[in-house]
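Lettering of chains follows the sequences in order, A, B, ..., and the numbering in each one begins at 1. Just so it is clear, the values below take in all heavy atoms, side chains as well, and ignore hydrogens, waters and symmetry mates.
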Protein chains: 4
Amino acid sequence: MQVAEASTPSDPRIKRTRAALCSALLSLLEEQPFDQITIRDIAVRAEIGYATFFRNYASKAAVLHDLAADQIRRLIELAFPAIEGRNGRAAALALCTYVDEHRRLWTALLTGGAAGIVREEFIRQGARVKTMSSRRAWLPLELANIVGVSATVEILAWWLQRGLGLAVEEIARVLDQLVISPFVKPRG
Amino acid sequence: MQVAEASTPSDPRIKRTRAALCSALLSLLEEQPFDQITIRDIAVRAEIGYATFFRNYASKAAVLHDLAADQIRRLIELAFPAIEGRNGRAAALALCTYVDEHRRLWTALLTGGAAGIVREEFIRQGARVKTMSSRRAWLPLELANIVGVSATVEILAWWLQRGLGLAVEEIARVLDQLVISPFVKPRG
Amino acid sequence: MQVAEASTPSDPRIKRTRAALCSALLSLLEEQPFDQITIRDIAVRAEIGYATFFRNYASKAAVLHDLAADQIRRLIELAFPAIEGRNGRAAALALCTYVDEHRRLWTALLTGGAAGIVREEFIRQGARVKTMSSRRAWLPLELANIVGVSATVEILAWWLQRGLGLAVEEIARVLDQLVISPFVKPRG
Amino acid sequence: MQVAEASTPSDPRIKRTRAALCSALLSLLEEQPFDQITIRDIAVRAEIGYATFFRNYASKAAVLHDLAADQIRRLIELAFPAIEGRNGRAAALALCTYVDEHRRLWTALLTGGAAGIVREEFIRQGARVKTMSSRRAWLPLELANIVGVSATVEILAWWLQRGLGLAVEEIARVLDQLVISPFVKPRG
DNA sequence: CTCTAATCGAGACGGTACGTCGCGTCTTACG
DNA sequence: CGTAAGACGCGACGTACCGTCTCGATTAGAG
């Protein structure tokens, strides 16, 4: 396992291969849970050789990581402006709307075996969104981030697993009141 | 496969065997993460035949489930009186103290591959602890339970993973203020 | 690789499996050269699981070894009486006749990638046939054995590879005069 | 693949490359058995590109073939005068002395995975050494050649594998009496 | 007390996925 | 523009674990 996961490989073949692998995993995730997807499945779907998989990723979790990092980045970038503007409700709504529009994918990402890895990446990226609350000395920032992100993930997962019983606006309100407002904009 | 997962088997031998399996898993969990423990490992440690394992449990996850259910039951029973008495801080302290006294075990249960299953059981049992809050119409009880339990699990996991940097009282305060008080005793 | 190649495994399943593997290899050897036969081929032909192969043999060469040892034992037992009786010609004829009757098999054993392993086993078993010649002090017994066996193998291989151009009696005469008589019955 | 296996390529660069490859293989053969040497190893040692290998040889066996052909040619040319002069003992001694002076190389060539290919080339070139024996009608010339060469190879291999237990003169005597004299100089 | 029947340890087996290795082809980037 | 460097498709290898199964020894209950 000496995979060089350099973020920007010069060789276009490598870029192409990795993109194909991510795309293949994404495609498979919409059909079956992460645990049931084998590396061979991914390789076949991506139309690359089985061994080539390992030349690019150490495990299927690594592909998921790449994939999740990308999706989460988009999600955060989407919600960021509203958070900056201290409009928690708008941020929650934007976030939920985006998730709703990619229901299959996010269901796969937030439930089943993939959840752990996605949550981890979520926390990593969530750390970048600095909360403005500096008053709660008893609450370590890192822990606040973890709890906030976990709550978000749980809320979304719960929502996604329950089909379409709850409107986007409703879940966005829950998300805002339970997570975003308390953490991001505690003083209003 | 006709696994008799009856909660209370009449045959005392079966009880003994299951107890041995749970005990073996518990013992192994203190040495290595759940994912790396094989069914064979458990059988050897429990000094039962490999095939006999499958007569009692369908998978190692099932053993973990049994184990976790038991531990979680104890945990909740420990904190319950204080919760009933609306003393969130005392409940949090009791809970954290118990966890602290079984650090190795709870570290194994709340981090690593076991976390998912344990969290699930936690949520299931957490549902029994009825919250008194009837005011938040916008927040489904089930979701409140999930978020509350998840936050608890995350806080504990974060605490356990960080060795002994934080005193029991401190993490209990966090737990109380972030989770127990808001959910359990919203009005005091 | 902790294969216990005990010659007499108590478990009948192991016996059966090994027999099936030997038989499968034998069957495949009549169709294609040894090098082109994969372990999977053998497993499929023997109708055993792929992993089970490795529980019984460390490599396909080991199966070939077993197989060859058996065949060579038969061959030597066939020629032994005549050798004992100092009738080199009869020994040679018996040997060549037997080979001729299993042409396909012996062609596979003595030509192609299998030759090396078979020759080795041949030499090992050939050492049991004590030559009566005690006069040639300049020739180590071990070397005499090697040269004798190698010559036999080469003669048979040459014969087999040339289809049916040479009668059994003719090649038996060559074998007798070149190898058996000089080595086995030097004084007549 | 249009491998130019022309024996005498006009382009000097090709000559140089092939020489480098032969030399690299020769160098590697003194360190490890033929089977364990990979084409990549050879290319690296020869300091040529991996793909360039295939422009010059179809396989590593082809390189070995080239190499062996060269060495065997030297060996035969060394022994030829003495054979011509019907001095089998001198021929054997010359041969054994040369082999002894390049022990590592010939050990690699005559034992391990390389033996088969080397033997083959040995036989091919051995056919050039016409034996004078015309009396044995029952023995095809081709077969005589094969048996003679094989015996030679086996004797040398046996000698080389046994370290330095036997003096050059002793093994030369064996070689002469067992192979050269009977075949080359049947009438004296 | 004997003899059959059930039980349980031990572990062989079929199966599936893994991660590695080497080959031979083919693309890319560099001089 | 040609050559090194090396990514790639391919396919065999040997390993690990699962869940099923068969075997043999031990024991229990019936006669």
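Residue A/T17 is classed as a sugar-phosphate contact, given heavy-atom separations below 4.0 Å to backbone atoms only. Residue contacts for C/E47: at a heavy-atom cut-off of 4.0 Å it reaches the sugar-phosphate backbone alone, with no base atom in range.
Closest to the side chain of D/R40, out of E/dG9, F/dT15, E/dC23, is E/dC23. Here the side chain of C/I14 is nearest to one of E/dG19, E/dA12, F/dG9, namely E/dA12. The side chain of C/R13 has F/dT22 as its nearest neighbour among F/dT22, F/dG19, F/dG9. Each of F/dG19, E/dC13, E/dC23 was ranked by its minimum atom distance to the side chain of B/I39; first place goes to F/dG19. In this structure, the nucleotide among F/dC23, F/dC13, F/dC18 sitting nearest to the side chain of C/T38 is F/dC13.
Nearer to the 5' terminus of DNA chain E, by closest-nucleotide assignment, is the contact made by B/Y50 (compared with the other of B/Y50 and C/Y50). Remark on DNA chain F: of its neighbouring residues B/A51 and A/I48, the 5'-side contact belongs to A/I48, judged by nearest-heavy-atom nucleotide. Projected onto DNA chain F by closest heavy-atom contact, C/D41 and C/R16 fall at different nucleotides, the more 5' of which corresponds to C/D41.
In this structure, C/T52 reaches the E/dG14 phosphate: one of its side-chain N or O atoms is under 4.0 Å from OP1 or OP2. In terms of phosphate contacts, A/N56 brings no side-chain nitrogen or oxygen within less than 4.0 Å of OP1 or OP2 of F/dA7.
Under 3.5 Å, the side chain of A/R55 and the base of F/dG9 form at least one donor-acceptor pair of N or O atoms.
Side-chain atoms of D/K60 come within 3.5 Å of backbone atoms of D/F34 as a donor-acceptor pair (strictly under, hydrogens ignored). Between the A/S27 side chain and the A/S23 main chain, no donor and acceptor come within less than 3.5 Å of each other.
Between D/F53 and D/Y57, the angle of the ring planes lies from 30° to 60°, which puts this pair in the tilted group.
Taking D/S59 as the reference, nothing meets the side-chain hydrogen bond (donor to acceptor under 3.5 Å, both in side chains) condition, with sequence neighbours excluded.
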